[in-house]
**Student:** 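One structure coming up, written as structure tokens, with questions to follow.
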Amino acid sequence: MAVAISAPGRSAYLPLGHSVLALPSPLPVDEALAVLRPLLEDPAVRKLSASGKRDRVVLGRLGAGVEGLGFDALLASYLLDPGRRTYALEDLVLEFLGERRPPGTGGVAGEDAAVEATARAAGADADAVLRLDGPMTAKLEQEGLLPVYESMEMPLIEVLADMERAGVKVDRALLVAMSRDMEAQLAALTRDIHRLAKGEFNINSPPQLREVLFERLGMKSGKKTAKTRAASTAEDVLEELALVHELPRRILEYRAVQKLKSTYVDALPELIDPATGRIHATFNQTVAATGRLSSADPNLQNIPIRTPEGRRIREAFVAEKGHRLLSADYSQIELRVLAHLSGDPTLIDTFRRGEDVHDRTSREIFGALSAIPPDEQRRIAKMVNYALLYGKTAFSLAKDIGVSRKEAEAFIEAYFGRYPRVRTFIDDTIARARETGHVRTLLGRLRRLPDLKSKSFPVRMEAERQAMNTPVQGSAADLIKRAMIDLDRELHERKLRSRLILQIHDELLLEVPEDEGEKASSLVKRVMEGALELDVPLVADAHLGRSWAEVH
DNA sequence: CTGGAAAGCGCC
DNA sequence: AAAGGGCGCTTTCCAG
């Protein structure tokens, strides 16, 4: 980390990734260093420097004496084209300033070696970012992206910084105990599997499993893998095979345990920060093409919940002593967004009446006199509701719900018959996207989709699904981001000690002092429901508990 | 030893 | 002829 002094006598800037932090100007160099030195020497900050999440941690700790965040070229370039693979500063400099920089002048500033070279590199970065401000801001303005940049993505930086710094408490002993249990389960399953396979092999290896199932035991293979067109051993194939042989069922059980153990139970304790006893994930703001956040190191947005065994992992996510966890999640956020964007009267009516949308769809497409049992009807209706959102075809819907392609087609037709504006919304969205080359969310966030004009049919179809899904998924992301920023401000204004600690797409998790539980509950619910005014009500449910497993 | 591709699967 | 949108992580396997 180095302090970059740009435009001497005017300001000092600390480069943070692709952004610059402006110190009060004019500020002499030694005063700038005085502000920053305590941060740079903070052991927690130094330790994090290798992991790449230093920038936000530093930002989260900045206090008095810092003006605020200057221009952020990373966020700007993300908003201008969120589908890009990388946003290297070099590329932005070439693109917006028409300059080629010699390789190696940028990059992450190291702590120890070659302080002077490091300072020069950081200075070059800060300088580049400052000069990108003009042209990139002009481009944001021209593309109608300035409001999202200024009122959403920039304010969100500090919210995410605080969230990462807060982290979440994890019960290490509980995970270690679970790991021992699972070890024994895997050992037993391994013995069964090798016996049934008439020989030992690596169960974790799809190629070896493929050989056992389809050659040694001569089972009939189902679908092929995407890349190598080899016989797939994926879950749905093994489910089929489980009907005729005992082995596939055991493999599925083995995989379920192995997945939970390796990805969560064994991995999470390793990521507990010894200094805080908590896990501090990184919430990436410039990865998802739709505008969603992503979480990494660890990914806390995919902690199991679906199965009872997996759900137990959430028991290890606990509140600090004297605190509770508060979870608040949107109810059917994407279907509400779809209702709003499409303007479909029936769908809007459903949400305005506070009806269960899957029940309503079930009634709409099956009518009163269907031979299918009601539970089955609702299950199908739910799948149809979501299938349409993702651009699922009758072919794959049929396989999912276990009916013929003809029947699946009939369900989809019935759906569009009852929700006609959803069909026109999808068709119009794709048609307009083909003309403009992009789609937009509620708040104007943009995603470019050049592949809509691809000569390749599958590539083109994929782009069409993205065109219909992105406004829905991306608008939902807009909503929750707005809620996070509003909530953060309200918590500060009311001087509450409750802290936002996780975001999981449609859910916010807070850690709240026991005496603030009710106050924080009603606040988070109110803020989430009022994030944006739609043609349908937004509904958020909040629950308090001692662990993440308790709050759903 | 590292890096990447592939397969598979956890979540919304 | 392909066949559900968006992510990140684990393991295996192979190349350098």
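All chains are named by letter (A, B, ...) in the order of the sequence lines, taking the proteins before the strands, and each is independently numbered beginning at 1.
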**Student:** Under 4.0 Å between a side-chain N/O of A/Thr393 and OP1 or OP2 of C/dG4, yes or no?
**Tutor:**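 Yes, because at least one side-chain N or O of A/Thr393 sits under 4.0 Å from OP1 or OP2 of C/dG4.
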**Student:** Mind checking A/Asp400 for me? I need base, sugar-phosphate or nothing, with any heavy atom below 4.0 Å counting as a touch.
**Tutor:**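 Touches a base.
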**Student:** Does the pair A/Glu153/A/Lys481 count as a salt bridge with the N-to-O cut at 4.0 Å?
**Tutor:**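 Looking at A/Lys481 together with A/Glu153, the answer is yes, because their closest N to O distance falls below 4.0 Å.
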**Student:** Specify the separation, in whole Å, of atom CG of A/Leu209 and atom P of C/dT12.
**Tutor:**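 Nearest whole value for this atom pair: 13 Å.
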**Student:** What interatomic distance, in whole Å, is found between C1' of C/dA1 and the corresponding atom of B/dG8?
**Tutor:**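 Between the two C1' atoms, the distance is 25 Å.
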**Student:** Say whether A/Glu407 and A/Ser404, considering side chains only, have a donor N or O and an acceptor N or O under 3.5 Å apart.
**Tutor:**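 Distance-only check passes for A/Glu407 and A/Ser404.
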**Student:** Are a donor atom and an acceptor atom from the side chains of A/Thr233 and A/Arg255 found within less than 3.5 Å of each other?
**Tutor:**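 The criterion, which ignores hydrogens and geometry beyond distance, is satisfied for A/Arg255 and A/Thr233.
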**Student:** Nearest-Å distance, CD (A/Gln258) to C1' (C/dT10)?
**Tutor:**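 After rounding, the reported distance stands at 8 Å.
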**Student:** Show me, pair by pair, the donor-acceptor contacts under 3.5 angstrom made by side chains of residues 181-190 of chain A, not counting sequence neighbours?
**Tutor:**
residue: A/Glu183; atom: OE1; partner: A/Lys261; partner atom: NZ; Å: 3.3
residue: A/Thr190; atom: OG1; partner: A/Leu186; partner atom: O; Å: 2.7

**Student:** Taking the six-membered ring for Trp, are A/His358 and A/Tyr386 closer than 6.0 Å centroid to centroid?
**Tutor:**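 Aromatic pair counts; centres sit under 6.0 Å.
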**Student:** Can you tell me how far P of C/dG4 sits from NZ of A/Lys392, to the nearest Å?
**Tutor:**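 So the two atoms are 5 Å apart, to the nearest Å.
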**Student:** For a quick test of reading the model: is some side-chain N or O of A/Arg465 closer than 4.0 Å to OP1 or OP2 of C/dG5?
**Tutor:**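 Yes, within the criterion.
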**Student:** Give the rounded distance in Å between these two atoms: CE of A/Met468 and P of C/dG6.
**Tutor:**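 Distance check: A/Met468 CE to C/dG6 P gives 11 Å.
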**Student:** Surrounding CZ of A/Arg379 (heavy atoms of other residues, nucleotides or ligands, distance under 6.0 Å), is the total greater than 12?
**Tutor:**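 Result for CZ/A/Arg379: enclosed.
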**Student:** A quick test of your reading: do over 12 heavy atoms of other residues, nucleotides or ligands sit less than 6.0 Å from CD of A/Glu200?
**Tutor:**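 No, because the 6.0 Å sphere around CD of A/Glu200 holds 12 heavy atoms or fewer from other groups.
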**Student:** Does any donor atom in the side chain of A/Asp297 or A/Thr282 lie under 3.5 Å from an acceptor atom in the other side chain?
**Tutor:**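 Side-chain D/A pair, A/Asp297 to A/Thr282: absent.
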**Student:** Is it true that the side chains of A/Arg447 and A/Thr470 contain a donor and an acceptor less than 3.5 Å apart?
**Tutor:**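 Distance-only check passes for A/Arg447 and A/Thr470.
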**Student:** Within the 4.0 Å heavy-atom criterion, would you say A/Ala394 contacts the bases, only the backbone, or no part of the nucleic acid?
**Tutor:**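 Answer is nothing: A/Ala394 stays at 4.0 Å or more from every strand.
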**Student:** Would you say A/Gln466 reaches C/dG6's phosphate, i.e. side-chain N/O to OP1/OP2 under 4.0 Å?
**Tutor:**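 The answer is yes; a side-chain N or O of A/Gln466 sits under 4.0 Å from OP1 or OP2.
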**Student:** I need the full list of side-chain hydrogen bond (donor to acceptor under 3.5 Å, both in side chains) pairs touching residues 209-222 of chain A, with sequence neighbours left out, sorted by first then second residue.
**Tutor:**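 Listed by first then second residue: nothing to list.
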**Student:** Give A/Arg447 one of three labels, base, sugar-phosphate or nothing, depending on what nucleic acid heavy atoms sit under 4.0 Å from its own.
**Tutor:**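 Sugar-phosphate: the residue A/Arg447, judged by heavy atoms under 4.0 Å, touches backbone atoms but no base.
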**Student:** For DNA chain B, find the residues of residues 403-411 of chain A with a heavy-atom distance under 4.0 Å and give them by number; none if there aren't any.
**Tutor:**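 The stretch gives none, as no residue of it lies under 4.0 Å from the strand.
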**Student:** Can you tell me if the side-chain N/O atoms of A/Asn202 get under 4.0 Å from OP1 or OP2 in C/dT12?
**Tutor:**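 Yes, such a contact exists.
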**Student:** What side-chain hydrogen bond (donor to acceptor under 3.5 Å, both in side chains) pairs are there with at least one residue in residues 449-468 of chain A, not counting sequence neighbours?
**Tutor:**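 Only A/Arg434-A/Glu464 qualify under side-chain hydrogen bond (donor to acceptor under 3.5 Å, both in side chains).
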**Student:** Could I get a table of every N or O pair under 3.5 Å where one atom is in the protein and the other is in nucleotides 14-16 of chain C?
**Tutor:**
none

**Student:** Please give the angle, rounded to 10 degrees, between the axes at the start and the end of the helix from B/dC1-C/dG16 to B/dC12-C/dG5, where five pairs define each axis.
**Tutor:**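 That helix gives 10° between its end axes.
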**Student:** So if I define the base as every atom that isn't primed, P, OP1 or OP2, how would nucleotides 4-12 of chain B read as a B/S/- string at a heavy-atom cutoff under 4.0 Å?
**Tutor:** --SSBBBSB
**Student:** Distance between the P atoms of B/dA6 and C/dA3, in whole angstroms?
**Tutor:**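 So the two P atoms sit 15 Å from each other.
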**Student:** Which is true for A/Val287 with a 4.0 Å heavy-atom rule: it touches a base, it touches only sugar-phosphate, or it touches nothing?
**Tutor:**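 Sugar-phosphate only.
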**Student:** Would a line drawn from the ring center of A/Phe411 to the ring center of A/Tyr415 be shorter than 6.0 Å?
**Tutor:**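 No, too far apart.
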**Student:** State which of C/dC7, C/dG5, C/dT10 makes the closest approach to the side chain of A/Asn469.
**Tutor:**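 So the nucleotide nearest the side chain must be C/dG5.
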**Student:** Could you tell me which residues satisfy salt bridge (charged side-chain N to carboxylate O under 4.0 Å, His left out) with A/Glu309, sequence neighbours excluded, listed by chain and number?
**Tutor:**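 Counting only residues at least two positions away or on another chain, A/Glu309 forms no salt bridge (charged side-chain N to carboxylate O under 4.0 Å, His left out).
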**Student:** How many Å lie between CG on A/Leu293 and P on C/dG8, as a whole number?
**Tutor:**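 Atom CG in A/Leu293 sits about 11 Å away from atom P in C/dG8.
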**Student:** In this structure, how many angstroms lie between the P atom of C/dA1 and the NZ atom of A/Lys224, rounded?
**Tutor:**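 Computing the A/Lys224:NZ to C/dA1:P distance gives 16 Å.
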**Student:** Could you give all pairs that pass the ring pair (Phe, Tyr, Trp, His ring centres under 6.0 Å) test and reach residues 226-265 of chain A, with sequence neighbours left out?
**Tutor:**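 Residue pairs passing ring pair (Phe, Tyr, Trp, His ring centres under 6.0 Å), neighbours aside: none found.
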**Student:** Quick one: salt bridge (charged side-chain N to carboxylate O under 4.0 Å, His left out) partners of A/Glu235, sequence neighbours excluded?
**Tutor:**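 A/Glu235 satisfies salt bridge (charged side-chain N to carboxylate O under 4.0 Å, His left out) with no other residue.
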**Student:** Which atom pairs, donor and acceptor, lie under 3.5 Å between side-chain atoms of residues 390-398 of chain A and protein residues at least two apart or in another chain?
**Tutor:**
residue: A/Lys392; atom: NZ; partner: A/Asp400; partner atom: OD2; Å: 2.8
residue: A/Thr393; atom: OG1; partner: A/Ser396; partner atom: N; Å: 3.4
residue: A/Thr393; atom: OG1; partner: A/Ser396; partner atom: OG; Å: 3.3
residue: A/Ser396; atom: OG; partner: A/Thr393; partner atom: O; Å: 3.4

**Student:** Can you list, by residue number, the residues of residues 419-433 of chain A that have a non-hydrogen atom closer than 4.0 angstrom to DNA chain B?
**Tutor:**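 Residues of residues 419-433 of chain A under 4.0 Å from DNA chain B: none.
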**Student:** Quiz question: by atom type and distance under 3.5 Å, do the side chains of A/Ser547 and A/Glu315 form a donor-acceptor pair?
**Tutor:**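 The criterion, which ignores hydrogens and geometry beyond distance, is not satisfied for A/Glu315 and A/Ser547.
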**Student:** Can you tell me which nucleotide in C/dC7, C/dC13, C/dA3 comes closest to the side chain of A/Pro207?
**Tutor:**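 Per side-chain heavy atoms of A/Pro207, the pick is C/dC13.
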